[in-house]
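Heads up, the thing below is written out as C-alpha cells.
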Amino acid sequence: MLKKTSGSDDGHAQGHDHTHDPLEEGAALRVRALEEIVVAKGLVDPDALDSIVEYYERVTGPRNGAAVIARAWTDPEFKDWLLNDGTAAISSMGFSGVQGEHIRAIENTDEVHNVVVCTLCSCYPWPVLGLAPAWYKSPAYRSRVVREPRAVLKEFGLEIPSAVQVRVWDSTAEVRYLIVPKRPAGTEKMSAEELAQMVTRDGMIGTAAL
C-alpha cells in the first residue's frame with residue numbers, strides 16, 4: 001500500500017515549498033541506531049518492540065486527535081476555531097509540543113475528500129496522532145498518493161465516488177495537517193466520548209472514512 005500527499009486536486013500537490021525537518025531526521029536516526037543496538041545485544045525482543053510501537057501508533061497517540069475531532073463534531077464554535085486556527089484550538093485541549101507547532105485542520109465534505117502525505121520525509125502531527133505508521137513514511141506511499149490518490153485509497157479499502165474531488169495535502173516542517181472526517185449519520189444522540197471511539201488514526205490522515 002502507498003500514500004502520498006502534497007495538496008492539490010485529484011493527484012496534484014497543494015503548492016508550497018517543502019523543507020525537511022532536521023529535528024525529525026536526527027531523532028529518527030538516533031532511535032533507529034538505539035533500536036539496532038538493543039536488539040543486537042538481545043536486550044529487547046523485536047516482536048515486543050513492534051507491539052509497543054503499534055500500541056503508540058494506533059491506540060494512545062491517536063486518542064488525542066480523536067478527542068479533537070469529536071469535540072469539533074459536537075461543538076460548532078470549536079469546529080470553526082479548529083478550521084481557522086488549528087494550532088490554537090488543539091492547544092486549548094492540552095495537545096501541543098514538537099511537530100504540533102503549526103497544525104492546519106482540513107474538513108472532509110460530501111464534495112471533497114482530503115488525504116495527507118509528506119512527500120520528502122515524514123512530517124506528522126505527533127501531539128494529535130502519535131507515531132507515524134511505517135506506511136506513511138514509505139517511498140511507495142509518498143510517491144503514489146499524489147499521482148494516483150484514488151487508486152491508493154482503494155488499496156486502503158476506501159473507494160471515493162467519481163463525483164467527489166480528492167485533494168492531497170503535503171505536510172512540511174512549517175505546517176502539518178489533521179483531517180476532520182465527516183460525522184457519521186445517525187450519531188446525533190452520541191456523546192463526544194462515544195464519538196471519539198469511532199475516530200481512527202487513518203481517518204485523520206484521510207486513508208479511511210473515519
Side-chain angles (χ1 to χ4, degrees), residues 3-9 13-28 56-109 112-133 136-137 141-142 145-146 166-183 192-193 195-208 210:
K3 278 189 177 180
K4 179 182 177 180
T5 307
S6 346
S8 185
D9 303 345
Q14 296 287 1
H16 58 256
D17 294 333
H18 192 302
T19 57
H20 190 92
D21 189 334
L23 176 61
E24 178 189 61
E25 180 181 44
Y56 280 99
E57 282 183 355
R58 290 188 174 274
V59 183
T60 303
R63 289 306 89 204
N64 293 347
V68 172
I69 300 304
R71 183 173 175 187
W73 283 347
T74 57
D75 183 340
E77 290 187 3
F78 179 80
K79 179 181 177 181
D80 289 342
W81 187 16
L82 178 66
L83 295 177
N84 284 288
D85 189 344
T87 305
I90 291 168
S91 180
S92 75
M93 294 184 65
F95 309 137
S96 61
V98 176
Q99 296 228 17
E101 300 92 343
H102 306 288
I103 299 178
R104 180 179 176 188
I106 305 292
E107 182 182 19
N108 282 343
T109 67
V112 179
H113 180 86
N114 300 281
V115 61
V116 181
V117 71
C118 180
T119 54
L120 295 186
C121 47
S122 56
C123 292
Y124 195 73
W126 294 349
V128 285
L129 293 188
L131 302 175
Y136 182 84
K137 298 178 283 187
Y141 175 76
R142 286 160 38 207
V145 77
V146 170
V166 177
R167 291 180 181 171
V168 180
W169 300 84
D170 191 5
S171 288
T172 72
E174 285 74 36
V175 60
R176 292 170 174 81
Y177 297 95
L178 176 70
I179 301 303
V180 179
K182 293 191 298 179
R183 179 172 177 169
E193 291 74 18
L195 289 167
Q197 296 303 312
M198 304 178 67
V199 183
T200 67
R201 176 202 64 195
D202 290 5
M204 293 181 283
I205 296 174
T207 53
L210 289 177

Would you call [X] and [Y] a side-chain contact if the rule is heavy atoms closer than 4.5 Å?
{"X": "Val175", "Y": "Ile103", "answer": "no"}
{"X": "Tyr177", "Y": "Cys118", "answer": "no"}
{"X": "Pro127", "Y": "Ile90", "answer": "no"}
{"X": "Arg71", "Y": "Met93", "answer": "yes"}

If you measure from [atom1] on [X] to [atom2] on [Y], what distance do you get to the nearest 0.5 Å?
{"X": "Ile106", "Y": "Asn114", "atom1": "CD1", "atom2": "CG", "result": "6.0 Å"}
{"X": "Thr87", "Y": "Asp85", "atom1": "OG1", "atom2": "CG", "result": "6.0 Å"}
{"X": "Thr200", "Y": "Leu129", "atom1": "OG1", "atom2": "CG", "result": "10.0 Å"}
{"X": "Arg167", "Y": "Ile179", "atom1": "CZ", "atom2": "CD1", "result": "11.0 Å"}
{"X": "Leu178", "Y": "Glu107", "atom1": "CG", "atom2": "CD", "result": "11.5 Å"}
{"X": "Lys182", "Y": "Thr109", "atom1": "NZ", "atom2": "OG1", "result": "7.5 Å"}

Give the minimum heavy-atom separation between [X] and [Y], together with the two atoms involved.
{"X": "Pro133", "Y": "Tyr124", "answer": "CD-OH, 3.5 Å"}
{"X": "Ala66", "Y": "Ala196", "answer": "CB-O, 3.5 Å"}
{"X": "Cys123", "Y": "Cys121", "answer": "SG-SG, 3.6 Å"}
{"X": "Ala70", "Y": "Ala192", "answer": "CB-O, 3.2 Å"}
{"X": "Tyr136", "Y": "Ser171", "answer": "OH-OG, 3.9 Å"}
{"X": "Arg176", "Y": "Pro125", "answer": "CD-N, 3.7 Å"}

Apply side chain to side chain contact (heavy atoms under 4.5 Å, CB included) to Phe78 and Val68, showing your working.
-> CA-CA 9 Å; Phe78 179 80; Val68 172; 4.1 Å; yes
In sequence, state the C-alpha distance, the side-chain angles, and the governing distance for Val180 and Asn108, and then conclude on side chain to side chain contact (heavy atoms under 4.5 Å, CB included).
-> CA-CA 6 Å; Val180 179; Asn108 282 343; over 6 Å; no
[X] side chain to [Y] backbone, donor-acceptor under 3.5 Å:
{"X": "His113", "Y": "Gly206", "value": "yes"}
{"X": "Asp170", "Y": "Thr119", "value": "yes"}
{"X": "Ser91", "Y": "Ser96", "value": "no"}
{"X": "Trp81", "Y": "Pro76", "value": "no"}
{"X": "Arg183", "Y": "Trp73", "value": "yes"}

